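These numbers were taken from a predicted model, which means no experiment stands behind them.
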Amino acid sequence: MRARLDGLGYAESRLIRHSAESIDAVPTFDAPDSRIVLMAGDRVVLAGDSALLTADLAASACHGDLTLFLGRLDGAPVFACAIAPEAAEAYESAPDCRTTDLRSLAAENAVAAHELGLLATAKSILAWHAHHGFCANCGTATRFAAGGFRRECPSCEAHHFPRVDPVVIMLIARGDSCLLGRSPRFKEGMYSCLAGFLEPGETIEDAVRRETFEEVGLPVGAVTYHASQPWPFPSSLMIGCVAEALDETITIDPNELADARWFSRDEVSAMIAGTHGDGLTVPPPMAIAHLLMRAFVDRQV
């Protein structure tokens with residue numbers, strides 16, 4: 001059964017991507033129908049309720065800065081441009097314009113859901129360029145290529161491509177209870193699903209089992225995929241799973257978690273609704289952890 005992704009941030013996109021290997025030519029940046037995403041550090045420039053600016057509005061801020069050709073939206077070419085944080089100040093005072101960060105955009109539903117997915121692509125690839133200007137093979141400064149979806153080394157001719165870091169995030173279930181944990185960095189009273197990065201040569205299922213055992217000492221049996229979410233901070237893919245615990249005894253790793261405990265379906269339902277008697281809460285609907293918990297409450301997993 002396909003998971004319902006209602007409210008899940010960054011998971012929807014109507015962008016028609018081009019291929020980094022077969023792109024023939026990059027469209028003109030200042031064409032009348034072009035749309036441009038402006039990223040000023042971690043902030044996005046908005047015009048009204050959209051982050052897709054017209055060329056007239058955006059072109060003056062770019063000044064030859066890093067500009068990507070992302071693909072096409074409804075036939076129109078879409079670009080993303082990294083500008084200096086101070087360059088965004090002019091938009092703060094412009095009519096109907098403002099800047100905000102990508103997390104707030106998703107939490108507030110400030111733009112259309114399909115724009116969030118496009119923005120995730122823009123932010124992740126711009127961040128990759130900002131940190132990968134030199135060849136990992138020989139150390140030579142690399143060149144921008146394929147509209148921004150590749151960097152090339154003029155010395156050893158190596159090609160470098162944007163990377164995605166896979167992360168497993170899992171709801172651990174046993175009967176009518178699920179296990180949720182609290183990271184030390186969470187706001188007080190918030191519980192979420194366990195999560196961790198995949199390691200080289202590891203399957204998704206084994207990563208779920210390893211991370212669960214490392215963090216709470218629980219052996220895990222069956223692991224089922226539920227849904228995924230791009231997470232552009234800077235460029236991860238959250239792989240949402242449901243895992244069957246083979247035991248109930250928790251042994252917390254204090255280096256990973258401040259707390260972990262079992263919750264009933266009714267408790268999780270109250271946490272989602274904001275009515276838990278102890279004031280406990282869960283991540284917002286934009287997060288895949290919320291989606292997994294909601295599926296547990298609704299007996300969809």
Side-chain angles (χ1 to χ4, degrees), residues 10 13 15-31 34-45 58-59 61-72 77-88 101-103 117-169 195-204 206-207 210-211 214 228-239:
Y10 321 115
S13 178
L15 179 72
I16 305 301
R17 302 164 184 265
H18 64 77
S19 168
E21 294 301 327
S22 62
I23 184 172
D24 295 321
V26 175
T28 303
F29 174 80
D30 58 357
S34 291
R35 294 295 178 266
I36 297 95
V37 172
L38 289 185
M39 294 291 308
D42 288 331
R43 299 184 71 80
V44 185
V45 177
C62 290
H63 297 300
D65 292 73
L66 179 62
T67 302
L68 312 174
F69 171 49
L70 299 180
R72 294 182 181 274
V78 180
F79 298 84
C81 182
I83 62 176
E86 57 269 21
D101 65 276
L102 205 52
R103 290 179 191 266
L118 185 154
L119 288 170
T121 299
K123 184 180 185 300
S124 292
I125 300 180
L126 286 170
W128 176 75
H129 280 286
H131 294 93
H132 292 81
F134 295 88
C135 179
N137 186 48
C138 70
T140 302
T142 53
R143 298 184 297 213
F144 189 83
F149 279 73
R150 185 172 73 230
R151 295 192 73 90
E152 298 176 353
C153 179
S155 179
C156 70
E157 299 183 347
H159 286 189
H160 304 279
F161 297 89
R163 60 175 290 171
V164 175
D165 298 316
V167 178
V168 289
I169 180 165
F197 287 97
L198 269 78
E199 295 184 351
E202 189 173 45
T203 65
I204 292 170
D206 283 345
R210 174 183 55 78
E211 284 288 344
E214 287 177 357
S228 63
Q229 177 187 31
W231 192 249
F233 305 104
S235 186
S236 295
L237 176 66
M238 308 298 289
I239 304 169

Open item on the list: Run D42 and L102 through side-chain contact (heavy atoms from CB on, under 4.5 Å) and show every step you take.
Closed with: CA-CA 7 Å; D42 288 331; L102 205 52; over 6 Å; no
Side-chain atoms of residues 132-148: list all donor-acceptor pairs with protein atoms under 3.5 Å, sequence neighbours left out, distances to 0.1 Å.
| from | atom 1 | to | atom 2 | distance (Å) |
| --- | --- | --- | --- | --- |
| H132 | ND1 | W128 | O | 2.9 |
| T142 | OG1 | G133 | O | 3.0 |
| T142 | OG1 | R151 | NE | 2.7 |

- [ ] Calculate, to the nearest 0.5 Å, the distance between atoms CG and CD1 belonging to L126 and I83 respectively.
- [x] 11.0 Å
- [ ] Output the distance between atom CZ (R103) and atom CZ (F233), rounded to the nearest 0.5 Å.
- [x] 4.5 Å
Open item on the list: Can a donor-acceptor pair be found, under 3.5 Å and without considering hydrogens, that links the side chain of Y10 to the backbone of T121?
Closed with: no
Task: Taking every non-hydrogen atom, the tightest pair across A122 and V37 - done: CB-CG1, 4.3 Å
TODO: For D206, look at atom CG and say whether over 12 heavy atoms of other residues, nucleotides or ligands are found less than 6.0 Å away.
DONE: yes
Open item on the list: I'd like to know if the side chain of H18 and the backbone of F69 have a donor-acceptor N/O pair within less than 3.5 Å.
Closed with: yes
Task: Any donor-acceptor N/O pair, S34 side chain to D30 backbone, under 3.5 Å - done: no
Task: For the student: nearest non-hydrogen atoms of I239 and P166, plus distance - done: CD1-CB, 4.1 Å
Open item on the list: Can you tell me how far apart CG (L68) and CE (M39) are? Round to the nearest 0.5 Å.
Closed with: 11.0 Å
TODO: Output yes when a side-chain donor or acceptor of T28 lies under 3.5 Å from a complementary backbone atom of A31, and no otherwise.
DONE: no
- [ ] For R210, check salt bridge (charged side-chain N to carboxylate O under 4.0 Å, His left out) against everything at least two apart and list the hits.
- [x] E199, E202, E214
Open item on the list: Checking D165 now: which residues fulfil salt bridge (charged side-chain N to carboxylate O under 4.0 Å, His left out) with it, not counting sequence neighbours?
Closed with: R163
Task: Check against side-chain contact (heavy atoms from CB on, under 4.5 Å), L198 and V168 - done: CA-CA 7 Å; L198 269 78; V168 289; 3.2 Å; yes
Task: Contact summary for P230 and L237, nearest pair of heavy atoms - done: N-CD1, 4.0 Å
Open item on the list: Within the structure provided, determine whether S236 and F197 are in side-chain contact (heavy-atom separation under 4.5 Å).
Closed with: yes
Task: Smallest separation among heavy atoms of K123 and P232, with atom names - done: NZ-O, 3.1 Å
- [ ] Report the C-alpha separation of F29 and T67 in whole Å, then their side-chain angles, then the decisive distance to 0.1 Å, and conclude whether the side-chain contact (heavy atoms from CB on, under 4.5 Å) test is met.
- [x] CA-CA 9 Å; F29 174 80; T67 302; 3.7 Å; yes
Task: V44 side chain reached by D101 side chain, heavy atoms, under 4.5 Å - done: no
TODO: With rounding to the nearest 0.5 Å, note down the distance linking CG in L15 to CG in L118.
DONE: 5.0 Å
